Amino acid sequence: MKLVFLDQQTLAPEISLRTPDFPHQWQSYDATAPEQVVERLQDADIVLLNKVRLTADILAQLPHLKLVALAATGSDNVDLDACRQAGVAVCNIRDYSKNSVPEHALSLIMALNRNLHAYRNSITQGRWQQSGQFCYFDYPVRDLAGQTLGLIGYGTIARDLEKLAQALGMKVIVAARKGQPATEGRVSFEQLLTNADVISLHCPLNDDTHHLIAEPELKMMKSDALLINVGRGGLVDEAALLSALQHQQIGGAGFDVVTAEPPAPDNPLIQALACPNFILTPHIAWASQNAMQRLAEQLIDNVEAFVAGKEQNRLV
């Protein structure tokens, strides 16, 4: 078996990736450009990858490929239908970041709710030093207790964030699918937008969820509400969000994802960094050392299971 890891640099260097327990040839690359994929996988039986794209055209040129082992949960970079037609199995990583991502989302919520970023920046500009008294009140500071957290998407990460929020005294509501009526345990999508003090996105990116939050939805939110996205960049219309922040239509936003990563200098979310109520982190919500090590273990577990004839964490 020949195994090729196309973008091992997506794991931190201190993460240990153990040797698979079957005879094999191993080849790894820090990163792989689109035009290098076919050449590097010509005689590969198993490809390990995180963000490298595998399209139908690429798969058609890889007759020896048997397994795509994703080093991530998301699979929007792999054409699953083409894999299915070609008889190529696909597996992904599950529940490895169930602590890391909810904690990151909560950190964004707390930092924005108390305007930590804005206050820190103002101190670097001399505001406290020149205030003439022991404190100043340029930005509002709010308690989480009593606020309403609205969850859009209700998988493992959202449920763990719910537990953290409830422990701090927040009320939690969950949205039904957009366009669907409220059901038991779910409020309508529109009800969530108008009632939540904090909205956190936890749904996959697909045709139905692309720009799930755009100008109309931002206008429905409370004027002091926060929008949190640790899911996928394409869930939100970034230009509309920039406008909403610049015109103070919402209270603030905390994002860990951008539509195109890394972002271009003119990306709306890069421009939004000029707003004191916006925080952007470089897609690291998942990347606690504990979570990355769990991912690495499960990645090799998935490959070993496939070679042993077992189905584990299969998407195809």
Side-chain angles (χ1 to χ4, degrees), residues 1-11 17-94 96 155 203-212 231-235 257-264 267 283 286 292 295-316:
M1 285 273 182
K2 182 174 182 180
L3 284 67
V4 179
F5 200 155
L6 289 179
D7 52 357
Q8 191 166 346
Q9 190 173 265
T10 57
L11 297 179
L17 196 63
R18 78 173 190 273
T19 302
D21 65 359
F22 54 87
H24 66 278
Q25 178 186 352
W26 177 273
Q27 176 69 59
S28 67
Y29 301 93
D30 285 345
T32 298
E35 63 273 14
Q36 296 174 312
V37 174
V38 172
E39 177 188 354
R40 291 181 172 181
L41 296 182
Q42 263 309 301
D43 54 351
D45 298 288
I46 296 173
V47 57
L48 299 83
L49 57 85
N50 189 326
K51 298 301 180 189
V52 175
R53 297 191 66 82
L54 284 187
T55 64
D57 288 342
I58 289 173
L59 287 161
Q61 300 175 67
L62 302 174
H64 298 292
L65 192 63
K66 300 176 179 65
L67 173 69
V68 177
L70 282 159
T73 300
S75 60
D76 44 285
N77 55 314
V78 176
D79 189 328
L80 299 182
D81 287 335
C83 287
R84 205 168 282 116
Q85 292 171 13
V88 176
V90 182
C91 56
N92 69 344
I93 309 297
R94 304 182 188 182
Y96 72 98
C203 41
L205 177 63
N206 53 44
D207 290 342
D208 293 330
T209 60
H210 181 256
H211 285 187
L212 187 69
R232 287 287 185 269
L235 297 174
V257 288
V258 177
T259 298
E261 298 172 350
N267 182 281
H283 206 144
W286 65 280
M292 278 195 287
L295 180 153
E297 293 297 323
Q298 191 179 144
L299 178 63
I300 301 302
D301 284 345
N302 287 345
V303 171
E304 290 175 343
F306 173 79
V307 172
K310 303 174 184 175
E311 289 198 8
Q312 179 171 296
N313 295 337
R314 287 287 189 89
L315 297 174
V316 176

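Count residues from 1 along the sequence. On a predicted model such as this, the values are computed, not experimentally measured, just so you know.
Atoms NZ and CD, from Lys310 and Glu304 in turn, are 9.5 Å apart once rounded to the nearest 0.5 Å. Atom CD of Gln42 and atom CG of Leu65 lie 10.5 Å apart (nearest 0.5 Å).
Asn92 pairs with exactly one of Leu315, Leu299, Val78 by the side chain to side chain contact (heavy atoms under 4.5 Å, CB included) rule, that one being Leu315.
Closest of all the heavy-atom pairs between Cys83 and Val68 is SG-CG2, 4.4 Å. Closest heavy-atom contact between Pro204 and Leu235: O-CD2, 3.6 Å. Between Thr73 and Tyr96, the shortest heavy-atom contact is OG1-CE2, 3.5 Å. In terms of heavy atoms, Cys91 sits closest to Leu67 at SG-CD1, 3.9 Å. Between Leu48 and Trp26 the shortest heavy-atom distance is CD2-CH2, 4.1 Å. Of all the heavy atoms in Gly74 and Asn77, the pair that sits closest is O-OD1, 4.0 Å.
Checked against ring-ring contact (aromatic ring centres under 6.0 Å, His included), Phe22 has the following partners two or more places apart in sequence or in another chain: His24. Applying the side chain to side chain contact (heavy atoms under 4.5 Å, CB included) criterion to Asp208, with sequence neighbours excluded, gives Asn206. Residues passing the side chain to side chain contact (heavy atoms under 4.5 Å, CB included) test with Glu261 are Val257, Val258, His283, sequence neighbours excluded. By the side chain to side chain contact (heavy atoms under 4.5 Å, CB included) test, Asp43 is found to be paired with Lys2, residues two or more places apart in sequence or in another chain being considered. Looking at residues two or more places apart in sequence or on another chain, you find a side chain to side chain contact (heavy atoms under 4.5 Å, CB included) between Ala33 and Glu35, Gln36.
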_Set out, in order, the CA-CA distance, both residues' side-chain angles and the distance that settles side-chain hydrogen bond (donor to acceptor under 3.5 Å, both in side chains) for Asp7 and Asn50, then state yes or no._
CA-CA 7 Å; Asp7 52 357; Asn50 189 326; 5.6 Å; no
*Decide yes or no on side-chain contact (heavy atoms from CB on, under 4.5 Å) for Trp286 and Met292, but give the supporting numbers first.*
CA-CA 8 Å; Trp286 65 280; Met292 278 195 287; 3.3 Å; yes
*Going through the distances and angles, do Val88 and Val316 end up as a side-chain contact (heavy atoms from CB on, under 4.5 Å)?*
CA-CA 7 Å; Val88 176; Val316 176; over 6 Å; no
*Please walk me through it: do Val90 and Arg314 pass side-chain contact (heavy atoms from CB on, under 4.5 Å)?*
CA-CA 6 Å; Val90 182; Arg314 287 287 189 89; over 6 Å; no
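Between the side chains of Thr32 and Arg40, at least one donor N or O lies within less than 3.5 Å of an accepting N or O. In this model, a donor atom of one side chain and an acceptor atom of the other lie less than 3.5 Å apart for Gln298 and Asn313.
Contact check on Asp301 versus Arg18 returns a salt bridge, with a Lys/Arg side-chain nitrogen under 4.0 Å from an Asp/Glu carboxylate oxygen.
Val52 is not listed as a side-chain neighbour of Phe5, based on a closest heavy-atom distance of 4.5 Å or more. Counting only heavy atoms from C-beta outward, the side chains of Leu6 and Val4 approach each other to under 4.5 Å. Between Leu70 and Ile93 the shortest side-chain heavy-atom distance does not fall below 4.5 Å. Put simply, the side chain of Tyr29 does not reach to within 4.5 Å of the side chain of Gln9, judged on heavy atoms. Two residues are said to be in side-chain contact when any heavy atoms from C-beta on lie closer than 4.5 Å; Asp76 and Arg232 meet this criterion. A 4.5 Å side-chain heavy-atom check between Leu41 and Ile58 finds every atom pair outside the cut-off.
Remark: the backbone N or O of Leu212 is not paired with any side-chain donor or acceptor of Thr209 at under 3.5 angstrom.
Note on residues 44-73: pairs passing salt bridge (charged side-chain N to carboxylate O under 4.0 Å, His left out), not counting sequence neighbours, are Asp45-Lys66.
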